[in-house]
Undergrad: 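To start, I am sharing the structure in question, which I have written as structure tokens.
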Protein chains: 2
Amino acid sequence: MLIKETQAVLHQRMDEVLRPLGLNVAQYACLRALHDSPGITSSELARRAFVSRQSMNVLLQGLVQRGLVERSDQPGPRRELAASLSGPAVALLDEAHGQVAGIVNRMTEKLDGERLVQLRDSLAACRDTLTASEG
Amino acid sequence: MLIKETQAVLHQRMDEVLRPLGLNVAQYACLRALHDSPGITSSELARRAFVSRQSMNVLLQGLVQRGLVERSDQPGPRRELAASLSGPAVALLDEAHGQVAGIVNRMTEKLDGERLVQLRDSLAACRDTLTASEG
DNA sequence: TCCGTCATGTCAATAGTTTGACACATCGTC
DNA sequence: GACGATGTGTCAAACTATTGACATGACGGA
């Protein structure tokens, strides 16, 4: 499938540029989601990354040990532990985001603005249609 | 990322319709590649599926035990063992392909022909650009 | 109020994948 | 013919992720 191939190659390129920063694609996506939605829970993070809660938890523990994320010690209403980015994490995430943006720019350099907008719209339409027809 | 989300949802839907047939997405992709290119080797199969040779080998062994693929007993020039589909496999693959085609049709039902062609072209352009700029 | 449901976090066990390494065989070059 | 490079298959170990299960705490309806 064309979508799968494109995503696989993009994943490889992202992994190549993120490895020197000590991150993999899953960790980058986790930090990015944490930056966009501070105080999010581990389970919600797992849902957005399409992995199980347990995997996201071990990933989070690794990031906590490296001092990149901090989890609140006092649980919330539903026993959840809010997670947030640390100071050095935002700098690292900025660096990683720049690298990834470079990849995306190279990927879409052959497409003009019109085509790029249509690509985004079409992909979003496909995603929404599939998510709606679950079961 | 939009591409990743779309691919993830598509992967989930494919897994849902392939599970009743006793297949997962990796096995379906393997059978499909084997149908398009009969006599292909395990390593080439692994490259196309973006997995390691070892993973593809255990996947192939499972398919061999189920009588879906057959590997030639006499190695070729480079010690390779050609793999080919068995009789029941093509029927199963046809059934699976119909299910997947239904998913894809539902996914792209919101797009007219023009948009669909542009989507394919844009994705192919992105993939080719990324594969060209390896390193 | 009581109980069923849902949601989160965590543990143990299992399955699947990758990494690293080795043996074998061919091709190209000298 | 000899040698290194390349490509394939296979083994063992390590890692990653998933499945299944359990405890805890809050919400909602009878």
Side-chain angles (χ1 to χ4, degrees), chain A residues 4 7-9 11-12 14-16 18-19 22-31 33-34 37-66 69-84 134, chain B residues 4 7-9 11-12 14-16 18-19 22-31 33-34 37-66 69-84 134:
Chain A
K4 185 173 185 177
Q7 190 267 341
V9 180
H11 193 282
Q12 282 185 354
M14 285 176 63
D15 194 86
E16 287 174 5
L18 290 178
R19 187 175 299 271
L23 294 175
N24 58 30
V25 181
Q27 291 168 336
Y28 166 73
C30 176
L31 292 179
L34 224 44
S37 309
I40 204 175
T41 75
S42 174
S43 297
E44 180 62 27
L45 221 46
R47 270 189 294 270
R48 299 194 187 185
F50 298 96
V51 296
S52 58
R53 309 190 293 273
Q54 296 85 339
S55 304
M56 183 53 70
N57 226 347
V58 300
L59 197 154
L60 267 182
Q61 286 177 359
L63 293 176
V64 168
Q65 285 186 356
R66 290 172 55 184
V69 315
E70 301 170 350
R71 307 190 71 176
S72 69
D73 286 342
Q74 44 186 1
R78 275 196 185 273
R79 196 180 172 75
E80 69 262 20
L81 304 175
S84 56
E134 62 184 335
Chain B
K4 184 172 184 178
Q7 190 268 341
V9 181
H11 194 282
Q12 282 185 355
M14 285 175 63
D15 194 86
E16 287 174 4
L18 290 178
R19 185 176 301 271
L23 295 175
N24 57 31
V25 182
Q27 291 169 335
Y28 166 73
C30 176
L31 291 180
L34 225 42
S37 308
I40 203 175
T41 75
S42 174
S43 296
E44 180 62 27
L45 224 43
R47 270 190 292 271
R48 298 194 188 184
F50 298 97
V51 296
S52 57
R53 309 192 292 273
Q54 294 84 340
S55 304
M56 183 54 69
N57 226 346
V58 300
L59 196 154
L60 267 182
Q61 287 178 359
L63 293 177
V64 168
Q65 285 186 356
R66 290 171 55 184
V69 314
E70 302 170 349
R71 307 189 72 175
S72 68
D73 284 344
Q74 43 187 4
R78 274 193 185 275
R79 196 182 170 75
E80 68 261 23
L81 304 176
S84 57
E134 62 185 336

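Please read all numbers here as calculations on a predicted model, not as lab measurements. Protein chains get the first letters and strands the later ones, always in sequence-line order, with residue 1 at the start of each.
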Undergrad: Could you state the interatomic distance from OH (A:Tyr28) to CG (A:Leu18), rounded to the nearest 0.5 Å?
TA: 7.0 Å
Undergrad: So, do B:Glu80 and B:Ser42 sit near enough that their side-chain heavy atoms are less than 4.5 Å apart?
TA: no
Undergrad: Tell me the interatomic distance from B:Glu80, atom CD, to D:dT6, atom C1', rounded to whole angstroms.
TA: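 Rounded to whole Å, this separation is 13 Å.
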Undergrad: Can you sort out the partners of A:Arg66 under salt bridge (Lys or Arg N to Asp or Glu O under 4.0 Å), two or more places apart, ordered by chain and number?
TA: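 A:Arg66 satisfies salt bridge (Lys or Arg N to Asp or Glu O under 4.0 Å) with no residue once adjacent residues are dropped.
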Undergrad: What pairs with B:Arg19 under salt bridge (Lys or Arg N to Asp or Glu O under 4.0 Å), at least two apart in sequence or on another chain?
TA: B:Asp15
Undergrad: In whole Å, what is the span from the CG atom of A:Leu81 to the C1' atom of C:dT8?
TA: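 Spelled out: CG on A:Leu81 to C1' on C:dT8 is 8 Å.
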Undergrad: Between atom NE2 of A:His11 and atom CD of A:Glu16, what is the distance when rounded to the nearest 0.5 Å?
TA: 11.5 Å
Undergrad: Can you check the B:Gln61 CD to D:dT10 C1' distance for me, whole Å?
TA: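 After rounding, the gap between these two atoms is 9 Å.
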Undergrad: Within residues 37-47 of chain B, which residues have any heavy atom lying less than 4.0 Å from an atom of DNA chain C?
TA: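 Going residue by residue through residues 37-47 of chain B, none turns out to have a heavy atom under 4.0 Å of DNA chain C.
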Undergrad: Could you state the atom-to-atom distance from CG of B:Leu59 to C1' of D:dG9 in whole Å?
TA: 16 Å
Undergrad: Below 4.5 Å, heavy atoms only, C-beta onward: do B:Cys30 and B:Leu60 meet side chain to side chain?
TA: yes
Undergrad: To the nearest 10 degrees, what angle separates the axes at the start and end of the helix from C:dT1-D:dA30 to C:dC30-D:dG1, five pairs each?
TA: 30°
Undergrad: Do B:Leu31 and B:Val69 come within less than 4.5 Å of each other through their side chains, counting heavy atoms only?
TA: yes
Undergrad: Which pairs of donor and acceptor atoms, one on a side chain in residues 44-52 of chain B, lie under 3.5 Å apart (sequence neighbours left out)?
TA:
{"residue": "B:Glu44", "atom": "OE1", "partner": "B:Arg47", "partner atom": "NE", "Å": "3.2"}
{"residue": "B:Glu44", "atom": "OE1", "partner": "B:Arg47", "partner atom": "NH2", "Å": "3.0"}
{"residue": "B:Glu44", "atom": "OE2", "partner": "B:Arg48", "partner atom": "NE", "Å": "3.4"}
{"residue": "B:Arg48", "atom": "NH1", "partner": "B:Ser37", "partner atom": "OG", "Å": "3.1"}
{"residue": "B:Ser52", "atom": "OG", "partner": "B:Ser55", "partner atom": "OG", "Å": "3.1"}

Undergrad: Rounding to a whole Å, what distance do you find between B:Asp15:CG and D:dA17:P?
TA: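 So the two atoms are 18 Å apart, to the nearest Å.
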Undergrad: Could you check how far CG of B:Leu60 sits from C1' of D:dG9, rounded to whole Å?
TA: 12 Å
Undergrad: If you define the side chain from C-beta out and look only at heavy atoms, does anything of B:Gln27 sit under 4.5 Å from B:Leu59?
TA: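 The answer is yes, as the side chains (C-beta and beyond) meet within the 4.5 Å cut-off.
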Undergrad: Measure the shortest side-chain to side-chain distance between B:Leu81 and B:Thr41 over non-hydrogen atoms and say whether it is less than 4.5 angstrom.
TA: no
Undergrad: Below 3.5 Å is the cut-off: list the nitrogen or oxygen pairs between protein and nucleotides 18-21 of chain C, distance only.
TA:
{"residue": "C:dT18", "atom": "OP2", "partner": "B:Ser52", "partner atom": "N", "Å": "3.2"}
{"residue": "C:dT18", "atom": "OP2", "partner": "B:Ser52", "partner atom": "OG", "Å": "3.0"}
{"residue": "C:dT18", "atom": "OP2", "partner": "B:Ser55", "partner atom": "OG", "Å": "2.7"}
{"residue": "C:dT19", "atom": "O4", "partner": "B:Gln54", "partner atom": "NE2", "Å": "3.3"}
{"residue": "C:dG20", "atom": "O6", "partner": "B:Gln54", "partner atom": "NE2", "Å": "2.6"}

Undergrad: Contact between B:Val25 and A:Lys4 at the side-chain level, heavy atoms closer than 4.5 Å - yes or no?
TA: yes
Undergrad: Measure from CG on B:Asn57 to P on C:dT17 and round the result to the nearest Å.
TA: 12 Å
